[in-house]
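Order of the sequence lines sets the chain letters (A, B, ...), proteins ahead of strands, with each chain counted from 1.
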Number of protein chains: 2
Amino acid sequence: MAESGAKSAKSQATQKYQRQQRTNDPDQTRADILEAAEDQFARRGYAGTTIDSIAQKTRRSKRMIYYYFNSKAKLYVAVLENAYARIRVAEAKVNLGEDDPRQSLKNLVDFCFDFHFDHPTYVKLIVSENLNEAKYLTASSLVGELHRPILQRIDQCLRLGYQKELFHQVVTPMEIHMTLSGLCFFNVSNRATFSAIFDADMTSAAARRARKQQILLTILGRLNTTMDGFVSDFS
Amino acid sequence: MAESGAKSAKSQATQKYQRQQRTNDPDQTRADILEAAEDQFARRGYAGTTIDSIAQKTRRSKRMIYYYFNSKAKLYVAVLENAYARIRVAEAKVNLGEDDPRQSLKNLVDFCFDFHFDHPTYVKLIVSENLNEAKYLTASSLVGELHRPILQRIDQCLRLGYQKELFHQVVTPMEIHMTLSGLCFFNVSNRATFSAIFDADMTSAAARRARKQQILLTILGRLNTTMDGFVSDFS
DNA sequence: GAAAATATGTACTAGTTCGAACATTTTTGA
DNA sequence: TCAAAAATGTTCGAACTAGTACATATTTTC
């Protein structure tokens, strides 16, 4: 700025324009921008992300980002919606209608754990959205409906378990969902500090397998056990 | 800048200096700055926080912040260390030596849940530190040792439970710690998006009580159940 | 009671970043 | 085929922000 500006520059934006073979591909450009933006927002949070860094990653110019998304905030919302849509679509495919409801839950645990493990970018997005008190998510409105189905499906699964006397404890689907999400989410979201503190690699294949097993046992254990005597004694 | 700068200002920093009664109180100033910084860093993350906003909150000038902490990064590390120190001190007071190890675990669950619930600022700090891949935490070095004791104490508690045949399942202390921390942490860290999605108030007294109970049951259930037959069949 | 050390206030600089203005090229449709 | 529309590249400016320079005030120490 100090050397280049204010000297003799007066709309000479033309001279260095390289005429080169270029193919217009707006859909691809849009998708590229979304992908790069997701990566950057996840990595650095909303405030920490610069539009320029996204542009650089797409190997397209900043101009394109404003052309397609108008502002940083709108781009961020688009990224969020995109990410949520992906997990819901994937989740809908999980089989929760097994004869043995324990197997249904195992399917769900498998999916939930693996999805989070394999999509740290998704996790980080939600983390950073929570840091701004879900400001942008609330604006987005359509998210609530997307989540209703999973609660219903868990509910059916639990009912079958009670009916077959495989599950002894009464819990709401919401509680199961919260426990499962929480465990799978935390395993990814807090990796960095956990690794720093305990000096353990949480991303190895062995760690992955072990932790998934623990979560499965935790969820099933919650449904299998009756601590009523003890807990009411003490609480 | 456009109006005020470059006109006739040449080191006239004196004219408006208000001479007023002032009491030097460096310790208080330092503490004030730390507190305001913790709040801001937690609320907006590292990148989103401006030194000016911290200065404003303390009702002291930016100058003081640099005087005591030298740089934004060093201030951030000080905030982190301060926060970790607080939770460790509190945790050390939890009684894990009960005759009934279930009661010991209940004490631990109580503490862990309440601490997170009552200190959302602490939670957010760790969240944002995870977003930067624990860069600053790793630099801080002393954190690892702070965490060793809790694992040992859980270990003793579990051994007693096995010995008394109250716990049937073998788990490592690390796994219990991770599950417990994860559940307590998530309940606070992901409140915003969860509330937005499910339109539920997670901060009410009733929600608090209910969720704590669920977590207690989840932890105890994990230790009380034997799913070996089922799990090895399917995994 | 003055000099040194400590603490605080104000103005400014250098660098960064969002977004806009301007220039150009490719595609589409009549 | 050519004009309008869509897509893309480049430069600039206004605003913000970390950190510095300079001025001043209060406390401590000898």
Side-chain angles (χ1 to χ4, degrees), chain A residues 1-33 36-37 40-41 44-76, chain B residues 1-33 37 40-41 44-77:
Chain A
M1 186 175 162
E3 315 89 76
S4 73
K7 287 213 166 180
S8 68
K10 207 172 201 177
S11 82
Q12 53 178 351
T14 161
Q15 296 177 349
K16 286 167 196 155
Y17 195 91
Q18 304 286 349
R19 66 198 61 199
Q20 57 184 322
Q21 225 50 15
R22 170 166 60 88
T23 322
N24 287 359
D25 190 348
D27 287 349
Q28 188 59 43
T29 299
R30 218 187 125 90
D32 281 358
I33 292 174
Q40 289 292 302
F41 281 129
R44 318 210 192 266
Y46 182 79
T49 296
T50 74
I51 298 282
D52 282 316
S53 75
I54 297 171
Q56 215 167 355
K57 279 243 169 183
T58 61
R59 281 153 120 228
R60 283 176 170 83
S61 81
K62 184 165 61 165
R63 179 68 182 78
M64 289 296 90
I65 295 171
Y66 285 98
Y67 186 72
Y68 285 109
F69 296 97
N70 296 306
S71 75
K72 186 180 179 181
K74 284 181 184 165
L75 173 59
Y76 181 65
Chain B
M1 188 175 160
E3 313 92 73
S4 74
K7 286 213 164 178
S8 68
K10 207 171 201 177
S11 82
Q12 52 178 353
T14 161
Q15 297 178 347
K16 286 166 196 157
Y17 195 89
Q18 305 286 348
R19 68 199 58 200
Q20 58 185 320
Q21 224 47 14
R22 169 166 61 85
T23 323
N24 287 358
D25 191 349
D27 288 349
Q28 188 58 44
T29 300
R30 218 186 127 90
D32 282 356
I33 292 173
Q40 288 292 301
F41 281 130
R44 320 209 192 267
Y46 182 78
T49 296
T50 73
I51 299 282
D52 282 317
S53 75
I54 297 170
Q56 216 167 356
K57 279 243 170 185
T58 61
R59 281 151 121 230
R60 282 174 171 84
S61 82
K62 184 163 65 168
R63 181 65 185 77
M64 288 297 90
I65 294 170
Y66 285 99
Y67 185 72
Y68 285 109
F69 296 97
N70 297 305
S71 74
K72 186 180 179 179
K74 284 180 185 166
L75 173 59
Y76 181 65
V77 171

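Relative orientation of the B/F41 and B/Y76 rings is perpendicular, given thresholds of 30° and 60° on the angle between their planes.
Between B/I33 atom CD1 and C/dA7 atom P the separation is 11 Å, expressed in whole Å. If you measure from atom CZ of A/R30 to atom C1' of D/dA6, you get 15 Å, rounded to the nearest angstrom. Atom-to-atom, CD of B/Q56 to C1' of C/dG9 comes out at 15 Å; the value is rounded to the nearest Å. Here the C1' atom of nucleotide D/dA18 and the CG atom of B/N70 are 13 Å apart, to the nearest Å. Taking atom OH of B/Y46 as the reference point, atom C1' of D/dT17 lies 12 Å away to the nearest angstrom. For the pair B/Q40 CD and D/dT17 C1', the computed distance is 14 Å after rounding to whole Å. B/M64 has its CE atom 12 Å from the C1' atom of C/dT10, to the nearest Å. The nearest whole Å value for the distance from the OH atom in B/Y66 to the C1' atom in C/dT6 is 21 Å.
B/S61 comes within contact range of at least one nucleobase, with a heavy-atom separation under 4.0 Å. No contact: A/F69 has no heavy atom under 4.0 Å from any strand. Residue contacts for A/S53: at a heavy-atom cut-off of 4.0 Å it reaches no nucleic acid atom on any strand shown.
Side-chain N/O atoms of B/Y68 include none lying less than 4.0 angstrom from OP1 or OP2 on C/dT6. Phosphate contact (OP1/OP2 of D/dT8, side-chain N/O of A/T29, threshold under 4.0 Å): present.
Screening B/Y66, B/Y68, B/F69 for a side chain to side chain contact (heavy atoms under 4.5 Å, CB included) with B/L75, the sole residue that qualifies is B/F69.
The two residues A/I54 and A/I33 make their nearest non-hydrogen contact at CG2-O, 4.1 Å. Residues A/G48 and B/A47 share a closest heavy-atom pair of CA-CB, 3.6 Å.
At a cut-off of 3.5 angstrom, the base of D/dG19 holds no donor-acceptor pair with the side chain of B/K72.
Taking the side chain of A/I51 as heavy atoms from C-beta on, and the options C/dC18, D/dT8, C/dA7, the nearest nucleotide is C/dC18.
In terms of position along DNA chain C, the nucleotide closest to B/K62 lies nearer the 5' end than the nucleotide closest to the other residue of the pair A/S71 and B/K62. The residue among A/Y67 and B/R63 whose nearest nucleotide of DNA chain D lies closer to the 5′ end is A/Y67.
Checking B/D52 against B/Q56 by side-chain atom types alone, no donor-acceptor pair falls below 3.5 Å.
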